[in-house]
S.K.: 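To start, I am sharing the structure in question, which I have written as structure tokens.
When a ligand or atom number is given, it counts from 1 through the structure's own listing order.
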Amino acid sequence: MGFFNKKNTDKEQDQVLAELRQRIENAHLPPVVAPVAVQELEVLSKIGPSSAEFSIGLTYIDYLLSLPWNHRTEDNLDIVRAERVLNEHHFGLELIKERVLEHLAVKVLRMNRQARILVIDDEEIARKNLSHILTREHYEVVTAADAESGLQALETGEFDVVLTDLRMGPVSGMDLLESVKKRFPETRVIIVTGFATVQSAIDAMKRGAFHYITKPYKLDEVRETVRQALEKRSLATGSRGTVLCFAGPPGTGKTSLGRSIALALGRNFARISLGGVKDEADIRGHRRTYTGARPGRIIEEIRRVGSANPVLMLDELDKIGSDFKGDPASALLEVLDPEQNRAFTDHYLDVPFDLSGVMFIVTANVVEAMPGPLRDRMEVIEFSGYALEDKLEIASRFLVPKQVREKGLSPDQVVFTQAALEHVIREHTREAGIRGLERQIAMVCRKLAKESLGSGGRKSVTVTPAELERFLGRKKYHVDVVEETDRIGVATGLVRTEAGGDIIFVEAVAMKGKKELIITGSLGDVMRESAQAALSYIRSNARTFAIPEDFFENQDIHIHVPSGAIQKDGPSAGITIAVAILSLLTSRPARRDVALSGEITLTGRLLPVAGVREKVLAARRAGVRTIVLPLKNRSDVDELPAAVRSDITIILADTVAEIVPQVLVQQ
Ligand code: ADP
């Protein structure tokens, strides 16, 4: 940008402006935009090139011209091919792919579908005329000679708009309108009527007709009214659940599936990370009156990809709000709302840009953390962490070949044994997704590439677990639960985090004091309340657990959950806290390899918890053998894939008391 770094003579200025004028003409800007560009140019011709405004104005016009106002890529509607593309790039994710394909099919069909129009009139010549006009507008037109056959046509096929006469046969246009309103509320009805029936046409409007046209009509009027009706109709049907939201832990393939969708459709792809965005202007741009004003990210990405209908991924929508200025959520709402995004106005551009062709995909780690009004617009598809078996498949089929290729090695040169991959997964990563795994494989490949150059040749290498230590160093993660001994007052729990699931250890100690419950370890309010409830439950049932009833009399109890960096909250730690306290008070160690999750009531019953799959996966990663979950989570447990359940026992329980024998060691 910036043409006028050096001083220009008048002649040069004239030439630049003339060129710009030509470019504006050639650009075929939309009707609302062209005059703005021309007007801006007029202003420029009056001020000298040495003024700051001149170069600002010039940059602005240049930016306007660089946008893809009229350029859209042609969609590839072949769903079989789309399926193949998704499969080629992703292992597993069957249900997710299925839902994505359904979504694509519906969306693409709807976006590209020819509008269907039904014309009902008892005069043949009237039917023919309307049919002729509308067919030339590329609509699919069906005609009917009376209301009965019109209704029949409506039953057999979906119509967007009905044009109907009022007076005809035994069933009038008014009755027809009523039936259509009742049975096909999305279909718009336009009344075409003679002068004599204008009053009844107005009545019809009151009963929900979209508009009326009086005979004899002008062609333009028919075209325009139908066009408006179609627009209203597509807004009405298009605005629900139109935006896909991929929710799940990092590294589970959300971004890469988004890319594949773009590839499958033949659209461009762009990604905007909302996690790093600081204020509303990042989305909507700065007004040009600010020095250094810039367009927002949305418009900028559209310009960069060069088409008005890319797949645009808005990453980490759940991170919005916390580090934002202004009202970015409402700016985004406008971007995502089909009723408003046709005329999205970036502050810098100051003219509307039509975003309705953009396919937005939003990602989030935790759906619940997204602003409510935004969540309502979305069709949420949940991604979850991968089991060890999935990770092995993905690594050997996708990650290794990709990294080998990217580092300039050849596939026959480098082989990772399954044991080596398993070693990387178990000892060098601890994650729900596979980002870390990919990074570790990349690191090995990089080192191999260097060695291969050093040895001057094409030495082939088989990477085994023993080899790995040479590349990746000592193992980074220890299997927390198995390597430690059972202790009194320490219970193992499962929590859901942004990164998937994790295990926690809840510690309880008692000391001389005055009946105080102390809680530490960056726990949220809900978790504090769970701790209160757990303690009250145990106090009121002391006898059942063979604990002295006055145990709290001269004591304080301190609950702590280490690894304070993870923000922990939610009611599901109730059972873990209860077991830690029971272990402390009965002096029976709690089994480390039994992990617990469940909300408890004051009477010690267990309520269901969220995130069962993530928690079970996390438990497996940590080497847990047995998991205790509330009975009411049975259906979640039934849904777990066999591989996930293979080496783990899941106990479903209804009360805390029930599981005490399983968790506390009898001494
Ligand atoms: P996210 O956006 O969920 O954080 P990414 O899409 O960036 O995750 O995925 C991280 C890496 O893992 C990418 O290289 C991606 O291609 C790969 N990946 C994730 N899931 C799969 C899968 N099911 N099959 C093949 N590769 C996958």
Side-chain angles (χ1 to χ4, degrees), residues 82-101 243-264 269-276 311-320 359-367 369-370 378 380-407 411 416 418 421 424-425 428-446 496-501 611 613-614 617-618 621 641 643-644:
E83 184 167 8
R84 206 183 60 229
V85 172
L86 297 190
N87 283 332
E88 263 166 22
H89 295 88
H90 297 92
F91 168 81
L93 305 177
E94 303 309 338
L95 288 176
I96 292 175
K97 287 180 199 160
E98 187 66 31
R99 280 193 60 192
V100 164
L101 286 172
V243 178
L244 272 182
C245 171
F246 291 170
T252 48
K254 300 184 294 298
T255 311
S256 93
L257 200 66
R259 262 180 221 284
S260 294
I261 289 175
L263 193 66
F269 178 83
R271 179 169 162 253
I272 297 175
S273 173
L274 298 173
V311 172
L312 195 53
M313 187 163 238
L314 302 174
D315 249 347
E316 305 195 309
L317 190 65
D318 52 340
K319 304 293 183 305
I320 192 180
M359 177 167 177
F360 289 101
I361 303 177
V362 165
T363 80
N365 291 138
V366 185
V367 188
M370 270 193 301
M378 299 186 190
V380 177
I381 298 185
E382 301 247 11
F383 283 57
S384 71
Y386 293 113
L388 172 73
E389 295 75 11
D390 297 333
K391 290 185 181 181
L392 280 173
E393 290 284 342
I394 297 172
S396 51
R397 289 199 211 178
F398 293 92
L399 305 181
V400 170
K402 178 171 151 203
Q403 290 304 327
V404 164
R405 211 170 41 238
E406 276 183 11
K407 303 295 176 291
F416 280 73
Q418 284 296 99
L421 290 174
V424 178
I425 294 167
H428 292 273
T429 64
R430 170 71 52 88
E431 56 181 354
I434 50 177
R435 262 198 208 157
L437 175 59
E438 183 166 31
R439 215 174 299 131
Q440 299 295 326
I441 293 173
M443 194 187 313
V444 174
C445 290
R446 213 159 42 232
R496 192 158 66 138
T497 66
E498 297 215 327
R613 187 185 156 114
E614 294 308 328
L617 287 172
R621 290 197 289 275
V644 175

S.K.: At under 4.0 Å between heavy atoms, which part of T252 makes contact with ligand 1: side chain, backbone, both or neither?
M.R.: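 For T252, the contact with ligand 1 is made by both the backbone and the side chain.
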S.K.: Consider ligand 1: state whether an atom of it lies below 4.0 angstrom from any non-hydrogen atom of G433.
M.R.: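 No.
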S.K.: Give the atoms of ligand 1, by number and element, whose distance to some non-hydrogen atom of K402 is under 4.0 Å.
M.R.: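 That gives atoms 14 (O) of ligand 1.
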S.K.: Heavy-atom contact check, 4.0 Å cutoff: does H89 meet ligand 1?
M.R.: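 True for this residue.
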S.K.: Side chain, backbone, both or neither: which part of I434 comes within less than 4.0 Å of ligand 1 when only heavy atoms are counted?
M.R.: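 The part of I434 near ligand 1 is the side chain, not the backbone.
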S.K.: Nearest 0.5 Å please: distance from the OH atom of Y386 over to the CG atom of L392.
M.R.: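 The distance works out to 13.5 Å.
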S.K.: Do any nitrogen or oxygen atoms of F398 come within less than 3.5 Å of a nitrogen or oxygen of ligand 1?
M.R.: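 The answer is no, given that F398 and ligand 1 share no N or O pair closer than 3.5 Å.
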S.K.: Under 3.5 Å, is there a donor-acceptor pair linking the side chains of H90 and S256?
M.R.: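 Yes, side-chain donor-acceptor contact under 3.5 Å.
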S.K.: Heavy-atom contact under 4.0 Å between R397 and ligand 1?
M.R.: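 Distance cut 4.0 Å: R397 fails for ligand 1.
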S.K.: Which protein heavy atom lies closest to atom 26 (N) of ligand 1, and at what distance to 0.1 Å?
M.R.: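 Checked against all protein heavy atoms, atom 26 (N) of ligand 1 sits closest to I394 CG2, 3.6 Å.
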S.K.: Taking the side chain as every heavy atom from C-beta outward, state whether N365 and K254 have any pair of such atoms under 4.5 Å apart.
M.R.: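 Of all side-chain heavy-atom pairs linking K254 with N365, at least one is under 4.5 Å.
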S.K.: Show which atoms of ligand 1 fall inside a sub-4.0 Å distance from at least one heavy-atom site of Y386.
M.R.: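 That gives atoms 20 (N), 21 (C), 22 (C), 23 (N) of ligand 1.
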S.K.: Ignoring hydrogens, what is the shortest heavy-atom contact between P249 and S384? Give both atom names and the distance.
M.R.: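 Answer, listing the atom of P249 first, then S384: CD-CA, 4.2 Å.
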S.K.: Hey, is F246 one of the residues with a heavy atom under 4.0 angstrom from ligand 1?
M.R.: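 False for this residue.
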S.K.: So K391 and E431, do their side chains get closer than 4.5 Å, heavy atoms only?
M.R.: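 They are in contact (side-chain heavy atoms under 4.5 Å apart), so the answer is yes.
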S.K.: Between F383 and ligand 1, which part of the residue brings a heavy atom under 4.0 Å of the ligand: side chain, backbone, both or neither?
M.R.: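 Neither; nothing of F383 gets under 4.0 Å from ligand 1.
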S.K.: Out of R405, Q403, K402, which one pairs with C445 under the side-chain contact (heavy atoms from CB on, under 4.5 Å) rule?
M.R.: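 Option passing the side-chain contact (heavy atoms from CB on, under 4.5 Å) with C445: Q403.
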S.K.: Side chains of M378 and V367: closer than 4.5 Å at any heavy-atom pair?
M.R.: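 No, side chains not in contact.
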S.K.: What closest approach, in Å, do L421 and F416 show between heavy atoms, and which atom pair accounts for it?
M.R.: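 Reported closest heavy-atom pair: CD2-CD2, 3.8 Å.
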S.K.: Report the member of G253, A432, S260 with the shortest heavy-atom distance to atom 8 (O) of ligand 1.
M.R.: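 Comparing heavy atoms across G253, A432, S260, the nearest one to atom 8 (O) of ligand 1 lies in G253.
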S.K.: Is any side-chain heavy atom of T363 closer than 4.5 Å to one of F383?
M.R.: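 Result no, sub-4.5 Å side-chain heavy-atom pair not found.
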S.K.: What residue and atom, counting heavy atoms only, is the protein's closest point to atom 24 (N) of ligand 1, and at what distance?
M.R.: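 Heavy-atom neighbour on the protein nearest atom 24 (N) of ligand 1: F91 N, 2.9 Å.
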S.K.: Can you sort out which atoms of ligand 1 are near S256, meaning under 4.0 Å from one of its heavy atoms?
M.R.: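 Counting atoms of ligand 1 from 1, those under 4.0 Å from S256 are 6 (O), 15 (C), 16 (O).
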S.K.: Any nitrogen or oxygen of G251, main chain or side chain, under 3.5 Å from a nitrogen or oxygen of ligand 1?
M.R.: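 Looking only at distances, the answer is yes, because the N/O contact criterion of under 3.5 Å is met.
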S.K.: Checking H428 now: which residues fulfil ring-ring contact (aromatic ring centres under 6.0 Å, His included) with it, not counting sequence neighbours?
M.R.: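 Per chain and number, H428 pairs via ring-ring contact (aromatic ring centres under 6.0 Å, His included) with H423.
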S.K.: Who's closest to atom 13 (C) of ligand 1 heavy-atom-wise, of E316, R439, E438, R435?
M.R.: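 Minimum heavy-atom distance to atom 13 (C) of ligand 1 goes to E438.
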S.K.: Starting from atom 3 (O) of ligand 1, which protein heavy atom do you reach first, and at what distance in Å?
M.R.: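 Closest protein heavy atom to atom 3 (O) of ligand 1: K254 NZ, 2.7 Å.
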S.K.: Under 4.0 Å from ligand 1, counting heavy atoms only, is it the side chain of L93, its backbone, both or neither?
M.R.: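 Side chain only; the backbone of L93 stays clear of ligand 1.
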S.K.: Among all protein heavy atoms, pick the one closest to atom 2 (O) of ligand 1 and tell me residue, atom and distance.
M.R.: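 Looking only at protein heavy atoms, the one closest to atom 2 (O) of ligand 1 is T255 OG1, 2.5 Å.
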S.K.: What residues, two or more places apart in sequence or in another chain, satisfy side-chain contact (heavy atoms from CB on, under 4.5 Å) together with R271?
M.R.: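 Listed in chain order: T255, F269, M313, D315.
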S.K.: Which heavy atom of V85 sits nearest a heavy atom of S260, and at what distance?
M.R.: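 What the structure gives for the nearest pair is CG1-O, 3.7 Å.
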S.K.: By number and element, which atoms of ligand 1 are closer than 4.0 Å to a non-hydrogen atom of P250?
M.R.: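 Result: 4 (O).
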